[in-house]
Colleague: 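Sending over a structure as structure tokens; questions will come in a sec.
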Amino acid sequence: MGTSTRKPISVAEIRRLAGPEVFARGDEYRRRDAVSDLVMRGDTLTAAVAGSEIDPYRVSIRIARGKATAFSCTCPYEWGGACKHVVAALLTLADDPGSAVARPTLDALLSPLSAEALRDLILRRAEEDPDLNGWIEADLATALRPGGAPVDTTAVSARARAVLSGPSRHRDFWDGYRPSGNADALRHLADKAVPHMEAGDGRSALRILEAVAEPVIEDWLGGGYETDEEFYLLFHDLGRMMAEAALLSDLDGGEREALVDTLEGWDAELYDYGVEDGFGIAARALEQGWDDPALNAILEGGTGPWPADDEDLTELELTAIRLRVLDARGHGDAYLNLARAVGAEARVATMLVRLGRIAEAVAHGSARFTLPDEALDLARALMEAGRSDEAFHVAEAGLGLAGGRCRRQGRRTVASRRLGPPPGPLAARGRRRGRAHGPRHPRRPRGLPALAVAGEGWDRLKPDLLAGLIAAESAPDRIEILLDEGMIDEAVAAIGEATGYDTPEPVTLRLLEAAPGRHSDWVIRTAERKAVAIIDQGQAGRYDVAAAFLACAARAYDAAGRIDDWTVRIEDLIATHRRKHKLSPLLAALRYDA
């Protein structure tokens, strides 16, 4: 049977999802028939793609109106956009839409079943998959209950321990396996706290998160810290989620004090193993709550500034969480007061848009914005609100800010920029998205690219907006935007030789992958510098990142006709670091004849 997609996905759309190098590799996989088992269930495409492992990688892609709206793959690729396996599956579908077998969705399969038949089906599956029992029990134990009845977290703790003791416990991709699924599975358990936070039940959310964290810490300290880099990010995520739950909770003083003691004990243990970014923020949220007199005065409309010490990064991050909680509770005025106190002008303006106070938002931006990113954040919010005329007006005005020196100097500017861009809804939880944080989504453009969806008017503004972006003194998304526009030369010129440039690593890697043909010398210098910095600092958990940078260098050597030089370089690195058992196989795989 043919595919069920109404509008086929185009090659141009697939190119949008990945950098040129990744697209080329995906196309190579398609041409050598590495894609099999293409199945379309509703709007979801699944496939198996043969790769470097014994078992094929599994991809899952949601397609709506000819666009890939979400995708995931079991490979360890983490550098932004789609991996080559996703690209290969989509190209296979685009080349032959009939290659995907249309099958019913799971909902369509289960809907006709009676309760008894459905129960029998689950019981039969549970006999073949013992883990299913534990996951179902954890789901039922943490479900929202009428009247806010307390959750039973025994099943959550048991499931966490089962995950940690599973067969993939010590698998790491530098040993020839795909990354351990432990951190990803534990995040799924932690996510069971989210519906409770969205319902305003911070107490239940804290109980669930504590039930996940305790066995994780015990197991990690028991020996996993040497191999499970993902757990560093997991501790960070759990700490931020617990801070948010704490600010939503109704714990009494004794309960707060007891939980603070627990969190501080965990942090003291983790600190001995180099983890400095764990549960301190949650402990502070529990200790402070909403009781600080200065904070309350600000929430009620008093003057700032807040926080008193704008060098206190934990307090700034906690302020971002407070803003998200105020947003979720519908306290728009308190949100505006706190955002003003911290100097977060873009947050003020975007909240005004969400409150329907469009004219006030535009006036606020005109009076207060001094950074191009602020104008772009407001323009995006206006576009999402269906106010394209105002969005273009704000974007055009933002051109006058690009390249100029910031007029709002001093501590409030620093605090606002460290606070970050306007947050998403409560469900986003402020989590960092890493390799194992669930399904990867296509890059969602911020600022300038967001205006492109308007169509009419974009072509007129685009050249000036891009010119302003290139000239801007500060534009965190500059390189990614230029890459999306295919402006490789401009992106390379924007980064230059600066070693401290704050472009995120995934974006830098995209540029390195796209630039070897025209800028091979720059790619070699930049890629080797970044790789050597990781290796020399002994960051064992990030050796895969170093290898990714070196792979870019290898392609640049090849593009420049200097493959002999690369052979000498990689052999020198292998000899120098032969005692680093995690790094050695990654380097060996980069030999030209490997």
Colleague: Is there a donor-acceptor pair closer than 3.5 Å between any side-chain N or O of Arg41 and the backbone N or O of Arg103?
Modeller: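 No, Arg41 side chain to Arg103 backbone: no donor-acceptor pair under 3.5 Å.
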
Colleague: For Met241 and Val194, work out which heavy atoms get closest and say how close.
Modeller: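 Reported closest heavy-atom pair: CE-CG2, 4.0 Å.
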
Colleague: Looking at His85 and Thr74, would you say the former's side chain and the latter's main chain have a donor-acceptor pair under 3.5 Å?
Modeller: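 Not confirmed, His85 side chain does not pair with Thr74 backbone.
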
Colleague: Which heavy atom in Ile321 sits nearest to a heavy atom in Arg240, and how many Å separate them?
Modeller: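 Scanning both residues completely, I find the closest heavy atoms to be CD1-O, 4.0 Å.
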
Colleague: How about Met197 and Arg324: do any of their side-chain heavy atoms sit closer than 4.5 Å?
Modeller: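 Met197 vs Arg324: side chains apart.
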
Colleague: Is any side-chain heavy atom of Leu110 closer than 4.5 Å to a side-chain heavy atom of Leu121?
Modeller: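 A side-chain contact exists here, since the closest heavy-atom pair is under 4.5 Å.
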
Colleague: Tell me, with the steps shown, if Phe23 and Ile14 meet side chain to side chain contact (heavy atoms under 4.5 Å, CB included).
Modeller: CA-CA 8 Å; Phe23 180 88; Ile14 301 170; 3.9 Å; yes

Colleague: Measure the spacing between CD1 of Ile61 and CG of Leu90 and express it to the nearest 0.5 Å.
Modeller: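 So the gap between those two atoms works out to 3.5 Å.
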
Colleague: What pair of heavy atoms forms the shortest contact from Leu586 to Ala547, and how long is it?
Modeller: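 It is CB-CB, 4.0 Å.
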
Colleague: So do the side chains of Leu189 and Trp135 get within less than 4.5 Å of each other, counting heavy atoms only?
Modeller: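 Sidechains of Trp135 and Leu189: in contact.
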
Colleague: Check whether any side-chain heavy atom of Leu248 sits under 4.5 Å from a side-chain heavy atom of Arg329, and report yes or no.
Modeller: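 Result yes, sub-4.5 Å side-chain heavy-atom pair found.
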
Colleague: Any side-chain heavy atom of Val151 sitting closer than 4.5 Å to one from Lys192?
Modeller: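 Not touching, per the 4.5 Å side-chain cut-off.
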
Colleague: Please report the closest heavy-atom contact between Arg58 and Ala48, naming both atoms and the distance.
Modeller: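 What the structure gives for the nearest pair is NH1-CB, 3.1 Å.
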
Colleague: Is the backbone of Asp96 close enough, under 3.5 Å, to the side chain of Ser99 for a donor and an acceptor to pair up by distance?
Modeller: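 Yes, the answer is positive, given that a donor and an acceptor are paired below the 3.5 Å cut-off.
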
Colleague: Are any non-hydrogen side-chain atoms of Pro506 and Arg510 less than 4.5 angstrom apart?
Modeller: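 Contact flag for Pro506/Arg510 side chains = no.
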
Colleague: Please step through side chain to side chain contact (heavy atoms under 4.5 Å, CB included) for the pair Thr46 and Asp37, ending with a clear verdict.
Modeller: CA-CA 8 Å; Thr46 58; Asp37 298 334; over 6 Å; no

Colleague: What closest approach, in Å, do Val260 and Ala283 show between heavy atoms, and which atom pair accounts for it?
Modeller: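 Looks like CG2-O, 3.8 Å.
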
Colleague: Let me confirm one number: the CG-CG distance from Leu118 to Leu123, rounded to the nearest 0.5 Å.
Modeller: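 Nearest 0.5 Å value for the CG-CG distance: 9.5 Å.
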
Colleague: Would you say the side-chain atoms of Trp290 pair up with the backbone N or O of Leu247, donor to acceptor, closer than 3.5 Å?
Modeller: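 At least one qualifying donor-acceptor pair exists.
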
Colleague: Compare all side-chain heavy atoms of Thr69 with those of Asp43 and state whether any distance is below 4.5 angstrom.
Modeller: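 A side-chain contact is absent here, since even the closest heavy-atom pair is not under 4.5 Å.
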
Colleague: Quick check: do Leu238 and Phe279 have side-chain heavy atoms less than 4.5 Å from each other?
Modeller: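 Of all side-chain heavy-atom pairs linking Phe279 with Leu238, at least one is under 4.5 Å.
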
Colleague: Which residue in the set Arg354, Arg322, Arg347 passes salt bridge (charged side-chain N to carboxylate O under 4.0 Å, His left out) when paired with Asp327?
Modeller: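 With Asp327 as partner, salt bridge (charged side-chain N to carboxylate O under 4.0 Å, His left out) holds for just one option, Arg354.
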
Colleague: Identify the two heavy atoms, one from Cys73 and one from Tyr57, that lie closest to each other, and give their separation to 0.1 Å.
Modeller: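 Looking at all heavy atoms of both residues, the shortest contact is SG-CB, 4.0 Å.
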
Colleague: Check this for me: does any side-chain nitrogen of one of Arg124 and Glu128 sit under 4.0 Å from a carboxylate oxygen of the other?
Modeller: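 Salt bridge flag = no for Glu128 with Arg124.
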
Colleague: Just verifying a value: how many Å separate Glu390 CD and Leu378 CG, rounded to the nearest 0.5 Å?
Modeller: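 Nearest 0.5 Å value for the CD-CG distance: 9.5 Å.
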
Colleague: Do NZ/NE/NH1/NH2 and the carboxylate oxygens of Arg16 and Glu13 come within less than 4.0 Å?
Modeller: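 Between Glu13 and Arg16 there is a salt bridge, with a charged N closer than 4.0 Å to a carboxylate O.
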
Colleague: How many angstroms lie between atom OG of Ser388 and atom CE of Met383, to the nearest 0.5 angstrom?
Modeller: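 Answer rounded to 0.5 Å: 5.5 Å.
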
Colleague: Check Asp333 with Arg357, please: is the shortest side-chain N to carboxylate O separation under 4.0 Å?
Modeller: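 Answer for the salt bridge query: yes.
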
Colleague: I'd like to know if the side chain of Glu255 and the backbone of Asp252 have a donor-acceptor N/O pair within less than 3.5 Å.
Modeller: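 Confirmed, Glu255 side chain pairs with Asp252 backbone.
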
Colleague: Donor-acceptor pair, distance only, cut-off 3.5 Å: does the side chain of Arg159 make one with the backbone of Thr154?
Modeller: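 No, the answer is negative, given that no donor and acceptor are paired below the 3.5 Å cut-off.
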
Colleague: Which distance, rounded to the nearest 0.5 Å, do you find between the CG of Asp27 and the CG of Leu91?
Modeller: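 Separation between the atoms: 5.5 Å.
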
Colleague: Give, for atom CG of Leu382 and atom CZ of Arg380, the distance between the pair rounded to the nearest 0.5 Å.
Modeller: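 The CZ atom of Arg380 is 11.5 Å from CG of Leu382, to the nearest 0.5 Å.
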
Colleague: Given Glu28, which partner from the list Arg32, Arg25, Arg31 fulfils the salt bridge (charged side-chain N to carboxylate O under 4.0 Å, His left out) test?
Modeller: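 Looking at Arg32, Arg25, Arg31, the match for Glu28 under the salt bridge (charged side-chain N to carboxylate O under 4.0 Å, His left out) is Arg32.
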
Colleague: Test side chain to side chain contact (heavy atoms under 4.5 Å, CB included) on Ile9 and Leu45; report intermediate values, then the result.
Modeller: CA-CA 12 Å; Ile9 191 165; Leu45 176 73; over 6 Å; no

Colleague: Would Ser249 and Arg256 satisfy side chain to side chain contact (heavy atoms under 4.5 Å, CB included), going step by step from the backbone distance to the final call?
Modeller: CA-CA 10 Å; Ser249 72; Arg256 288 177 178 274; 3.6 Å; yes

